[in-house]
Amino acid sequence: MAKIIAKEYTEFLEQLKEQIATSRYKAALVVNSKLIVLYHHIGTEILKRQKEHGWGAKIIDQLSKDLRSAFPEMKGFSPRNLKYMRKFAEEYSDIEFVQEPLAQLTWYHNVTLLEKIESRETRLFYIKEAIEHGWSRNIMVMQIELGLHKRQGKAITNFKEKLPSPQSDLAHYTLKDPYIFDFLSIGKDAHEREVEKGLVGHVEKFLLELGEGFAFVGRQFHLDVGDDDFYIDLLFYHLKLRCFVVIELKDKKFKPEYAGKMNFYLSAVDDLLKHENDQPSIGLILCKSKNDVLAKYTLKDMTKPIGLAEYRITENLPEKIKTALPTIEELEAELLKISDKEK
């Protein structure tokens, strides 16, 4: 590109240099929020000048070169990043929105959102969740890839009928459908006890998938009811809902009797464990699959608040590789052959 000597560009460059210079000290004190606002300003000015003067895409390369020359100690003025600034300004024209929610996220969070999500509405969902739960960029990427926005608040529940508002809305939004346990390597046909052990063995990742506020109480939690012993698969306490959450795992398709058993567990937990200041306990039944119509009819006349969702297990090994691996029986047979030869 030929050197730009137009008066408009020279004035534009000088203005940007002045803006950057006056922002550096403040940016050192409040690095992130000031940087986001600065980048939005640069992007806005690029859009404005391109429209006013008809500058093409190559202006980005020239601007990058001149800004890096003027501020060699500052990173972030590559052509690629300047293009992100322009897109950032194009997508978010409301400066108040930039100064408030967006400035609470790092630039890398914001760039990731621009890269991975086209829908503004969907992007707003992840902005809100990332700020509320303090997600790192990697955690946010994982939630985007797992399609959290399609699953959050999608479980079938009877909370609206069984819980007071706004507790019912918050509890409903807390649950997902389906839950994705991609950190387990136990195979899609694993029995519920295997899933249960795997979830407890990866409790940090399990809690991340459950969502903010869940505190683990116990696995196979013992209840003594009328001198009979009962064991809850997984028991949690939710810090925001201020209630116990009973989770039952089923490795089969949902059956109405599962809800009846959960109703009993919730009655027992409310009687034996619930503090007088706690909210009513809620139940979550996780099944391999469900019939939504059957589930809704089943939960309709339950006396306790119950949610129902599916769970997915992503196998870590591709099917072709998995089938190529020897079975336990084949390994035993080979070991037997080796043993016979050594005798």
Side-chain angles (χ1 to χ4, degrees), residues 150-181 192-193 195-196 199-200 206-207 209-223 225-226 228 230-275 277-312:
K150 298 177 182 178
R151 302 183 291 123
Q152 193 75 51
K154 301 301 182 182
I156 295 174
T157 75
N158 62 359
F159 294 166
K160 187 174 182 180
E161 294 77 25
K162 306 303 177 184
L163 292 172
S165 182
Q167 178 82 357
S168 58
D169 294 335
L170 179 58
H172 182 83
Y173 185 75
T174 298
L175 303 187
K176 306 169 186 172
D177 188 28
Y179 285 82
I180 300 176
F181 305 141
E192 55 201 53
R193 287 293 170 267
V195 177
E196 181 187 305
L199 293 178
V200 174
F206 182 32
L207 288 171
E209 174 60 7
L210 285 178
E212 186 79 8
F214 282 88
F216 182 58
V217 177
R219 167 179 172 259
Q220 288 299 302
F221 190 90
H222 177 245
L223 294 175
V225 181
D228 284 333
F230 297 91
Y231 297 89
I232 293 171
D233 285 348
L234 298 163
L235 182 64
F236 292 84
Y237 188 85
H238 199 282
L239 301 174
K240 289 187 177 180
L241 297 175
R242 310 305 300 179
C243 69
F244 285 99
V245 180
V246 175
I247 296 181
E248 283 289 293
L249 293 164
K250 301 298 178 184
D251 58 4
K252 302 176 181 65
K253 187 175 181 178
F254 172 73
K255 297 178 182 179
E257 51 262 41
Y258 297 161
K261 188 176 182 181
M262 175 62 80
N263 205 71
F264 161 74
Y265 281 153
L266 291 171
S267 293
V269 169
D270 279 345
D271 185 53
L272 300 173
L273 304 178
K274 177 178 171 290
H275 188 272
N277 294 328
D278 287 339
Q279 296 293 328
S281 303
I282 65 175
L284 173 60
I285 303 170
L286 293 177
C287 296
K288 291 292 287 293
S289 62
K290 67 180 186 305
N291 179 302
D292 288 359
V293 175
L294 178 64
K296 289 176 182 177
Y297 271 105
T298 301
L299 298 185
K300 184 178 180 182
D301 292 323
M302 290 289 120
T303 60
K304 296 293 184 179
I306 300 173
L308 173 62
E310 297 178 358
Y311 68 87
R312 303 273 189 273

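Keep in mind that this is a model prediction, so the values were computed, not measured.
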Distance-minimising heavy-atom pair for Leu299 and Asn158
O-ND2, 3.1 Å
Evaluate the side-chain proximity of Phe244 to Leu266: yes if any heavy-atom separation is below 4.5 Å, no if none is.
no
Might you point out which heavy atoms bring Ala171 and Leu163 nearest each other, and give the distance in Å?
CB-CD1, 3.9 Å
From CA spacing to verdict: side-chain contact (heavy atoms from CB on, under 4.5 Å), Leu235, Leu273
CA-CA 11 Å; Leu235 182 64; Leu273 304 178; 3.8 Å; yes
In a table with atom names and distances, give each donor-acceptor pair under 3.5 Å that connects a side chain of residues 300-307 to protein atoms at least two apart or in another chain.
residue, atom, partner, partner atom, Å
Thr303, OG1, Asn263, OD1, 3.4
Thr303, OG1, Asn263, ND2, 2.9
Lys304, NZ, Asp270, OD2, 3.1

Only counting residues at least two apart or in another chain, list the ones meeting side-chain contact (heavy atoms from CB on, under 4.5 Å) with Lys296.
Ile156
Are the side chains of Phe236 and Leu284 in contact, using a 4.5 Å heavy-atom criterion?
no
For atom NZ of Lys160, decide whether the heavy atoms of other residues, nucleotides or ligands shown that lie under 6.0 angstrom number more than 12.
no
OG-CG distance between Ser267 and Leu272, expressed to the nearest 0.5 angstrom:
10.0 Å
Given side chains that start at C-beta, do those of Leu249 and Leu199 come closer than 4.5 Å, heavy atoms only?
yes
How about Thr174 and Ile282: do any of their side-chain heavy atoms sit closer than 4.5 Å?
no
Once you round to the nearest 0.5 Å, how far does CD1 of Ile285 lie from OH of Tyr311?
13.0 Å
Here the gap from Gln167 atom CD to Phe159 atom CZ, rounded to the nearest 0.5 Å, amounts to 9.5 Å
NZ-NZ distance between Lys261 and Lys250, expressed to the nearest 0.5 angstrom:
4.5 Å
Around Lys274, counting heavy atoms of other residues, nucleotides and ligands shown, do more than 12 lie under 6.0 Å from its NZ?
yes
With a 4.5 Å cut-off on side-chain heavy atoms, are Leu241 and Gln279 touching?
no
For Ser165 and Ser168, which heavy atoms make the closest approach, and how far apart are they?
CA-OG, 3.8 Å
Go through Val269 and Ile232 one step at a time and tell me if the side-chain contact (heavy atoms from CB on, under 4.5 Å) criterion holds.
CA-CA 10 Å; Val269 169; Ile232 293 171; 3.6 Å; yes
If the condition is ring-ring contact (aromatic ring centres under 6.0 Å, His included), which residues does Tyr265 pass it with, not counting sequence neighbours?
none
Please determine whether the number of non-hydrogen atoms from other residues, nucleotides or ligands lying under 6.0 Å from atom OH of Tyr173 exceeds 12.
yes
What pairs meet the salt bridge (charged side-chain N to carboxylate O under 4.0 Å, His left out) rule with one or both residues in residues 163-180, with sequence neighbours excluded?
Lys176-Glu209, Asp177-Lys290
In a table with atom names and distances, give each donor-acceptor pair under 3.5 Å that connects a side chain of residues 212-223 to protein atoms at least two apart or in another chain.
residue, atom, partner, partner atom, Å
Arg219, NE, Glu196, OE2, 2.7
Arg219, NH2, Glu196, OE2, 3.4
Gln220, NE2, Glu196, OE1, 3.1
Gln220, NE2, Glu196, OE2, 3.1
Gln220, NE2, Asp233, OD1, 3.2
His222, NE2, Asp229, OD1, 2.7

List the residues meeting ring-ring contact (aromatic ring centres under 6.0 Å, His included) with Phe264, not counting sequence neighbours, and say none if there are none.
Phe230
Answer yes or no: is there a side-chain heavy-atom contact under 4.5 Å between Arg242 and Tyr237?
yes
Mind checking whether Lys253 and Cys287 have side chains closer than 4.5 Å, heavy atoms only?
no
Contact check, side chains of Tyr258 and Leu308, non-hydrogen atoms, under 4.5 Å:
no
To the nearest 0.5 angstrom, please state how far the NE2 atom of His275 sits from the SG atom of Cys243.
15.0 Å
Closest contact, heavy atoms only, Leu294 versus Asn291:
N-OD1, 3.0 Å
